[in-house]
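What you see is a predicted model; the values in this text were computed from it and never measured. Worth knowing before you read on, the calculation uses all heavy atoms, side chains too, and leaves out hydrogens, waters and symmetry mates. In what follows, residues are counted from 1 in the order of the sequence shown.
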Amino acid sequence: MKKFFVSLILICLIFANFAHVEAKTVKNTAKPKKAVSSNVNNIHPDKAYKLGMDAFNKKDYSKALYYFDIAIKRNPSAANFIMFAKSYEALGKMEDAANFYTKASEIYEKKGLKDDAEIYKTKAKKLTTEVRLYQFFNNDNFKENYSGAKYEPVVGAYIGAYVDADTNLKNKGKSIFEEFNSLFGNHSVFFTYHYYGQPFPKNWVNEVRKTGAIPQLAIEPENLDEVKDDEYLREFAKEAAKYGGPLFIRFASEMNGNWTPYHNDPEKYKEKFRLVHDVFERIAPNVAMVWTPNAVPEKNIDEYYPGDEYVDWVGVNFYAVAYHNMNINEPAFDEDPTIYLDYVYNKYSHKKPIQISEWAATHKTTISEEDLSNFAVDRIKKLYYYLPRKYPRIKMVCWFDSNNITNPFVPADRRINNYSLTENYVVGEAYKKAIESDYFIKSGQTATGYFKSVPESFVLKEDLNLSAYVKTYDEKFTVKFLVDDIMISYQKDIPYQITLSPRDYKDGWHTLEIRVIDSKNRLAKSKKYKFIVEKSL
């Protein structure tokens, strides 16, 4: 019996030892996984890219990020950065995606691949969320955003329009300008298109003048060779001088686009712009010269700039459309209208007043059957709300009021969008309301104040009215205002504004936070400000 127990103990010891060895074996088998992971980290970047693409195509975006990260560390190429960005975008991490699209754009820029650079710079802009807080000051003599150009208002922006093609304004017993003003409020600028070689449009200019507005002529030559310091141009300038009032001449705009006949020769373009400027300066000093590229492409805009001494105002043309390139597969519903302002504004506004020479938002398109009224209303609200805040050096904004689908003067291949305010009541009312602000200068008026950004730390001594500029990647987002982590306002539409009162808070420091929440309830951006209350002061 004793031997039996001894044998049993020995057997238990043997099994215990075996189990210990087995446990050690299991534990050790975990180490090769790390070794494998380490080996994976050392794989060739091309293989890492392939593995990342396999994961991406299977919608395993976290795994894709893992492999693309390996690829980037060993080969920081544009292709690797782009797929890294796409993986982040698929995971809803838009700020990270924007950062890596920017890196890809910078690589293409260094290689001289301007088209590719612009594509990914635009992608980055679309995904970037911006938040800024502003305070309004009732002062019309604030010169911080004033360059002193001809006819430039110190603060505020002229409100303008093109109305010549709107047939709904005609035969009403008034001029088309008076009729437009009766519907949407008095405008301070009207513009028209004028072919180079035609006489000075006296009647049109005088009709505009009767409304108290400033005329602007968008003069377009059929080719640059016809532009000379000759009898035609001098006679045109003499007529402009006889008119005597303020007059904007927007010469050969959108020159950076290959759809214009004066594209592809920047040096000749600059030569002719300077020539036209010099003739008007000599004969008609009442003329302000406007240089207006299209917002896209950005890559060659600067090549056409004639020089500071020849340009009074810098303009930019762009449109808010639902689909790009007449393609249903290229929707633009996620675009904020201001992304097309940034390049020209950031490049030139420190030395010249900026005008939006042409812009509009479509409410109908031939590309689809959908009603785009809400699309147009959203873009209108945003643009006219954002301009006084983020873009105070934009001193004029002109709406293009035309149904281009039926406009016979529009080339057949561009009869796609309806921008007419008179054909859509909802859109027209949104426009009318958007320009009601005293910031926008009506004929015979001046602006009454300006917005200034709020510092990240400020003193709250009295009731303070604040408004936010918010741009994000999502068309439908929510803005939350929190003080000391307690929500005080929840807003889904413009204007994003609050009032802070020192009576509501104890003495000392407090935190004001603005949270931007996208339509999928994800935090797109958070920005914090600090303010101090000292009631004894």
* Do Tyr305 and Asp308 get their side chains close enough for a donor-acceptor pair, meaning under 3.5 Å? -> yes
* Please confirm whether Arg282 makes a cation-pi placement over Phe280, using NZ or CZ under 6.0 Å from the six-membered ring centre and within 45° of the ring normal. => no
* Do the non-hydrogen side-chain atoms of Tyr385 and Ser437 ever get within less than 4.5 Å of each other? -> no
* Decide if the gap between the ring center of Tyr439 and the ring center of Tyr384 is smaller than 6.0 angstrom. => no
* **salt bridge (charged side-chain N to carboxylate O under 4.0 Å, His left out) partner of Lys114, chosen from Glu298, Glu109, Glu303** => Glu303
* Asked: Is the gap between the ring centers of Phe375 and His363 under 6.0 Å?
  -> no
* Asked: Would you say the side-chain atoms of Tyr120 and Glu106 include a donor-acceptor pair closer than 3.5 Å?
  -> no
* Please find out if less than 6.0 Å separates the ring center of Tyr196 from that of Tyr232. => yes
* Option passing salt bridge (charged side-chain N to carboxylate O under 4.0 Å, His left out) with Asp342 (candidates Lys390, Lys347, Lys125) -> Lys390
* Asked: Under 6.0 Å from the NZ atom of Lys174, do we count more than 12 heavy atoms belonging to anything else shown?
  -> yes
* Trp259 versus Asn294, side-chain donor and acceptor atoms under 3.5 Å -> no
* To do: Please check if the side chain of Tyr262 supplies one atom and the backbone of Ser253 the other of a donor-acceptor pair under 3.5 Å.
  => yes
* Is the ring centre of Trp399 less than 6.0 Å from the ring centre of Tyr431? -> yes
* To do: Dump the intermediate steps for ring pair (Phe, Tyr, Trp, His ring centres under 6.0 Å) on His194 and Phe251, then the final yes or no.
  => CA-CA 10 Å; His194 191 84; Phe251 178 72; over 10 Å; no
* **Tyr450/Phe136 aromatic ring centres below 6.0 Å** => no
* **Glu423-Asn418 side chain donor-acceptor pair, cut-off 3.5 Å** => yes
* To do: Check the side chains of Glu89 and Tyr101 for a donor-acceptor pair under 3.5 angstrom, ignoring hydrogens and angles.
  => yes
* Ring centers of His350, Tyr345 separated by less than 6.0 Å -> no
* Asked: Can you tell me if Asp302 and Tyr343 form a side-chain donor-acceptor pair at under 3.5 Å?
  -> yes
* **Residues Ser467 and Arg389: side-chain donor-acceptor under 3.5 angstrom** => yes
* **Side-chain donor-acceptor pair present, Ser357, Thr292, cut-off under 3.5 Å** => yes
* Check salt bridge (charged side-chain N to carboxylate O under 4.0 Å, His left out) between Glu335 and all other residues, then give those that pass, not counting sequence neighbours. => Lys126
* Asked: Between Asn403 and Ser420, is any side-chain donor less than 3.5 angstrom from a side-chain acceptor?
  -> no
* Asked: Can the ring centres of Tyr193 and Phe191 be said to be less than 6.0 Å apart?
  -> yes
* **Side chains of Trp313 and Glu152 in contact at under 4.5 Å (non-hydrogen atoms)** => yes
* Asked: Less than 4.5 Å apart, any side-chain heavy atom of Arg415 and any of Thr406?
  -> no
* To do: If the plane angle is over 60° it's perpendicular, under 30° parallel, otherwise tilted; pick one for Tyr469 and Tyr391.
  => perpendicular
* Between Thr338 and Asp336, do the side chains contain an N or O donor and an N or O acceptor separated by less than 3.5 Å? -> yes
